[in-house]
Amino acid sequence: MNLFKTTVIAAAILGFSSLSYAEDKPLKVGLMLPATGTFAALGTAIENGFKLYTKEQGDKLGGRAIEFVKVDDESDPAKATDNVNKLIKGENVDILVGTVHSGVAMAMAKAAKESGTILIVPNAGAQAVTGPMCSPNIFRSSFSNWQPGYAMGEVVAQKGHKKVVTITWKYAAGDESVQGFKDGFSKSGGEVIKELNLPFPNVEFQALLTEIASLKPDAVYTFFAGGGAVKFVKDYKAAGLKDSIPLYGAGFLTDGTLEAQGGDGEGLLTTLHYADQLDNAKDKAFRTAYNEAYKLPPDVYAVQGYDAAQILKVGLDAVQGDVSKKAEFAAAVEAAKFDSPRGEFTLSKAHNPVQDIYLREAKGKENPVISVATKALADPAKGCAAN
Amino acid sequence: MDLSIFLIQCLNALQYGLLLFLVAMGLTLIFGIMGVINLAHGSFYMIGAYMAYALSPIVAHAFGGGFFSVLVIGLILAVILGYFLEWAFFSFLYDRDHLQQVLMTYGLILVFEELRSLLVGDDVHGVAAPEFLAGTIPLGDIMTYPVYRLFISAVCLLLALGMYYVFTRTRLGMMIRAGSTNREMVQSLGIDIKLLYRIVFAAGVALAAFAGMISAPVSTVYPGMGSQVLIICFVVVVIGGIGSIRGAFLAALLIGFVDTFGKVLLPEAAGVLVYVLMALILLWKPDGLFKTS
Amino acid sequence: MAETLLRGSDITQRWGGLVAVNAVSIELERGSVHAVIGTNGAGKSTLINILSGEFPPTEGKIELLGQEATHWSQAKRARQGLGRSYQRNTIFPDFTVFENCRLAAQAQVQRPWVWWNNAQKCKHSVTAANHALELAGLMSVKERFAGLLSHGQKRQLEIAMCLAIQPKVLLLDEPLAGMGAEETDRMLELLASLKRDHAILLVEHDMDAVFRIADRITVMVNGSVIASDTPDQIRVNADVQTAYLGGH
Amino acid sequence: MMDKFFSGKLLFVGLLFAGLALYPLVASSYGLDLVSKIMIYAILAMSLELLVGSTGLVCFGQAAFFGIGAYIAVMLSPESESGHLLWLLPAAILAAAVYALFVGALSLRTKGVYFIMVTLAFAQMAYYVVHDTKLGGGTDGIYLYFKPTLGSILDLNHPQVLYFFTWVFLVWTFIFLAILLGSHFGRVLAGIRINEQRMRASGFSTYPYKLAAFVTSGGIAGLAGFLFAVKDGFVNPEMMSWHLSGALLIMIILGGLGHLRGAIIGAFAFVFLQEFFKSSDIFGAFAKHWQLGLGFTIIACVAVLPKGLVGLPEVLRKRLYGGRPSSDAQIVLK
């Protein structure tokens, strides 16, 4: 890098960098995303999506040029507070964007709440972020773990299944997703006869698959992502269960994992706030642009990144780039309708997307939409004072 | 749990145990004989799995493919890697404090993880099992069992027997065993201990990589997979008694059973059971199940 | 009759089916050197380990200074006045010679809870260490690091560390191993001077040395005592000659 | 020669502490935060150094005591007001020490690598208890909404106050351990590290000594955990994961085993190296692959610094003035 930047760093370490940025200074956006570890690929997709949108806006939001500062959060909650402080206190960022891991997002939410920095969460579905931790300056462009689960609960009930077994990792995201499923499913008269868990991130499923076979439920609901999702789907097929006991899941089961699942995921039904072959112009344009920019097909994470930037733009436009006007920023965002590749969505009072959840069926390497499972679904946002 | 389900669970436990043994074998070799606490063992496993993924198109292009040619080429590369690593990073460490080796292997973990990210990327990948092993056999009324898993179990058993034979019946095995108990003595017998160590290390790396390659079709290939198996491997080796092939074998099966039935019968405590088992065994037998003298 | 400081009666040690020590009885008296000789694997080291408390015997009884001590820990025996040296040096190479002895002497006045006092200021251990070094003739190298001593000096230090705990009984496991003639002479002189106040058990392979210094010799073969007598009697004992000396 | 060497070390530590005390005068708020964190790690690393470097007990589960201290601090704090420092701090230390007593009493029956693994096992147990149960908020962790207070004297919400609060404990821990290691107790630990057999033969019952060291170490780790919880206001099961236990071992080995200041140096070096390689201003887009640089640096350290960073001056001296043989022996006074 150049000498100037190095000097700035040195100054920052020594502590002479408490310069405040005037309005014509670039807007500092802190990207706190995983660059290493299991979620590294997700972090990249989110960043790509975010930058695609800002590029479309001529690298300016709310009249201010944008400068990115990146921190690798390693998906490690034990380091999360320090990493987020590095952005808030060390780099004095105006906006905070992150992250994938729920535990890390929890730490970010706390730091953002205390410092008042605007935070946009582009993935982590922890309910607390828009629940007990909800705050005028915290927004989420993705989903809450509860949402896809709830929608799938309704779908599975409609299919006529009465007794269902759920299986997930024993961690917050899994618990919340299963809770959503139970809410949706039992409302329609279904019964979850057993909730199976295995320690995160253990991927030895055979024992639990055998247990499923012995319980003989009408269907199975599952929440897995990444490597665990690949292995679960393959093992489920190999155990011969796929043909006898239908498998349903939150969308991450087949998102970005179909290729690795090597055909074993074919035909799986999942619910998510995004799908392939959505019939809307925005999505088509987004896909073309993303493909051109990164030589990759976009995924749901890229959409979430893209929409995080959209949320930011709406807020910043309303305050002409002055991030200190938090109330106006929030009011504008709450009032806005976002034209997202996923379809139109709004933000609830707790700042979680109120969005359509799609039912998708895995075909080849894609998850084309079948129908809208639940229209304009809002997270109950338990514990949020604004709700 | 009726009888047929119970039997299937036993099969699951056995199969998982054998898989653990396969992965832990290389560790017990390096750990038991050279006394090196090799934190990078998981990385070698990861390297193996990624080789199974990344080499197959290359091999397919050059030799017309085949799972087994990938396996052979991967093994050769792993031996070369192990040989090189011992020469470059470990050969000067034996006289030093053991904890220095820990630091070294920790550094290697970081390096390998990033090289993986640079070379292959951070995506999750599946590896196809060879065609003729891809089928399943029916089990009970609605379950089936993948043939490839049975194949892995068979390979594990063969390897276990092979290792046992090498250790107890061959001259190399004798030298290795002697080298683990008394370095000076072996040296005074005119055996090149440096070469011996290099061979053992290379063999350990090759075993780990082999485990990664052969289990890639069932485990899938993903970032951070190495550190996941590392701790459980140490548990296997330590419960079994360091350096004992027999002990590692038994310990792996034990863990297989505890883990499998724990998940089903005591799901709340599934994560902690293995460690409770280890603590109990070591309190009962402070040197593991089979202490090598 | 001199005072018996350590008495082992009918000590037996079995390892599985193997009998390492078979019903051995031994008495150590103040003012005498009692040597135990025998071939490798005769059970000498096992015996010394049992007497010093490394592990309890399978059967038998041990009395230390008139007290039943069979189930005392090694540390307790040491505190009561039993010092032992090892075949392989157990000195602390990173410490000075003085500190080696001082640390050993500290065992007599353990006050671990006084964490604020520097150990070097502990009067008792400093005095005891100096005394031990004087006895062992190591005063001249007091401040040197123990790891840098010559082999003979290291063996002397090993003994000095035993003396630092002010023992009444000394169990010495091959103190002469690997020593040259001159070093051996010095060590024997040291042992002779210690004899007055201590009861000494000496396990040693150097026969000349043993016959020079021992007041009584016990001969062990395959874990059993085949003879126990004065050196002169042992020299002419027929059993010993066939079983041991003859086997040379 | 010896005296010079000794005072040189003392001077180094004195300057380090003085520098740390003056740092807030020039620090940015992030720098203050970062150094606070490193000081907490340094305390934690010293607690481990007491076991590994001073007693020869390689504990691979130090993170558990750290985590317990942190969790107790959060869980005992009232939900809607500040807890009292004089009750929360001792409680955190005590809880960690009690768990250390339990773990130590059992694990000290084993030796060597087996000891390493048993301590790991007990740490994993603690980890899974908070990870898999609702007790401490599960995998997402729990917040500390109000930092403990000491009446109105001490407001830990101010970063500077928190910084000095941590600094005081860092200095206290160092002095306490330095004195402890020079005392009867410490000398016995040193003896046990080198030759436990000789210590027993001299009349020391080594088990209680080791157990006492273990409990002391656990208590100090609990102190560090308390400070961490107060600083971040957020605790998560990952604080107890073996990754942290491993990183701590790396810190003290990197710094130089057998020296208290090595633990402090190691903590600083480890975190600074991470920050350095992560800096995108220096490495640009390659900062994403920061682990590569860190890994190679660690390997290089092993290769050229057998005694850790503490041995750096000696290595430099040799380079500069030629291979003058230096005493191979360790220094008695730490």
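Given the structure is predicted, the values throughout are model-derived calculations rather than measurements. All values below come from the heavy atoms of this structure, side chains included, with hydrogens, waters and symmetry mates left out. In what follows, every chain begins at residue 1, and chains take the letters A, B, ... in the order their sequences are listed.
- Only the side chain of A:Ile245 has a heavy atom closer than 4.5 Å to any heavy atom of chain B.
- In this structure, B:Thr144 contributes its side chain and A:Ala238 its backbone to a donor-acceptor pair below 3.5 Å.
- For CD of A:Glu266, the number of neighbouring non-hydrogen atoms (other residues, nucleotides, ligands) closer than 6.0 Å is greater than 12.
- Ranked by heavy-atom pairs under 4.5 Å with chain A, the first of B:Tyr145, B:Tyr148, B:Tyr16, B:Tyr222 is B:Tyr16.
- The backbone N or O of B:Gly126 lies less than 3.5 Å from no partner atom in the side chain of A:Gln261, so there is not a single donor-acceptor pair.
- B:Pro217 touches chain A through its backbone: at least one of N, CA, C or O sits under 4.5 Å from a heavy atom, while the side chain does not.
- When heavy atoms are compared at a cutoff of 4.5 Å, A:Glu204 approaches chain B by way of both its backbone and its side chain.
- Chosen from A:Asn197, A:Asn202, A:Leu42, the residue pairing most often with chain B at heavy-atom distances under 4.5 Å is A:Asn202.
- We find the CD-CG distance between A:Glu259 and B:Asp123 to be 8.5 Å, quoted to the nearest 0.5 Å.
- How far CD of A:Gln206 is from CG of B:Asp259: 12.0 Å, rounded to the nearest 0.5 Å.
- For chain B, the nearby part of A:Ala35 is the backbone; its heavy atoms alone come within less than 4.5 Å.
- Contact annotation for A:Thr257: neither backbone nor side-chain heavy atoms come within less than 4.5 Å of a heavy atom of chain B.
- Residue contact with chain A, scored on non-hydrogen atoms closer than 4.5 Å, is absent for B:Val147.
- A:Asp235 touches chain B through its side chain: at least one heavy atom from C-beta onward sits under 4.5 Å away, while N, CA, C and O do not.
- Each of B:Ser117, B:Ser219, B:Ala128 has some count of heavy-atom pairs under 4.5 Å with chain A, and the biggest count is that of B:Ser219.
- Per-residue heavy-atom pair counts under 4.5 Å with chain B were compared for A:Ala41, A:Ala213, A:Ala239, A:Gly256, and the maximum is reached by A:Ala239.
- Contact of A:Thr36 with chain B is made through the side chain alone, with heavy-atom distances under 4.5 Å.
- For B:Glu113, no part lies near chain A; criterion is any non-hydrogen pair under 4.5 Å.
- Looking at B:Val127, only its backbone comes within 4.5 Å of chain A, counting heavy atoms on both sides.
- Chain B forms more heavy-atom pairs under 4.5 Å with one residue of A:Lys216, A:Lys170, A:Lys237 than with any other, namely A:Lys216.
- If you take CG on A:Leu208 and NZ on B:Lys263, they are separated by 6.0 Å, rounding to the nearest 0.5 Å.
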Carefully, step by step, assess A:Leu209 and B:Asn12 under the rule side-chain contact (heavy atoms from CB on, under 4.5 Å).
CA-CA 10 Å; A:Leu209 292 176; B:Asn12 290 335; over 6 Å; no
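- With a threshold of 4.5 angstrom between heavy atoms, A:Lys234 approaches chain B through side-chain atoms but not through N, CA, C or O.
- Atom OG of A:Ser214 is separated from atom CD of B:Gln9 by 7.5 Å, given to the nearest 0.5 angstrom.
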What verdict does the side-chain contact (heavy atoms from CB on, under 4.5 Å) test give for B:Thr220 and A:Phe232, after you've listed the backbone C-alpha separation in whole Å, the side-chain angles of each residue and the deciding distance to 0.1 Å?
CA-CA 10 Å; B:Thr220 72; A:Phe232 183 76; over 6 Å; no
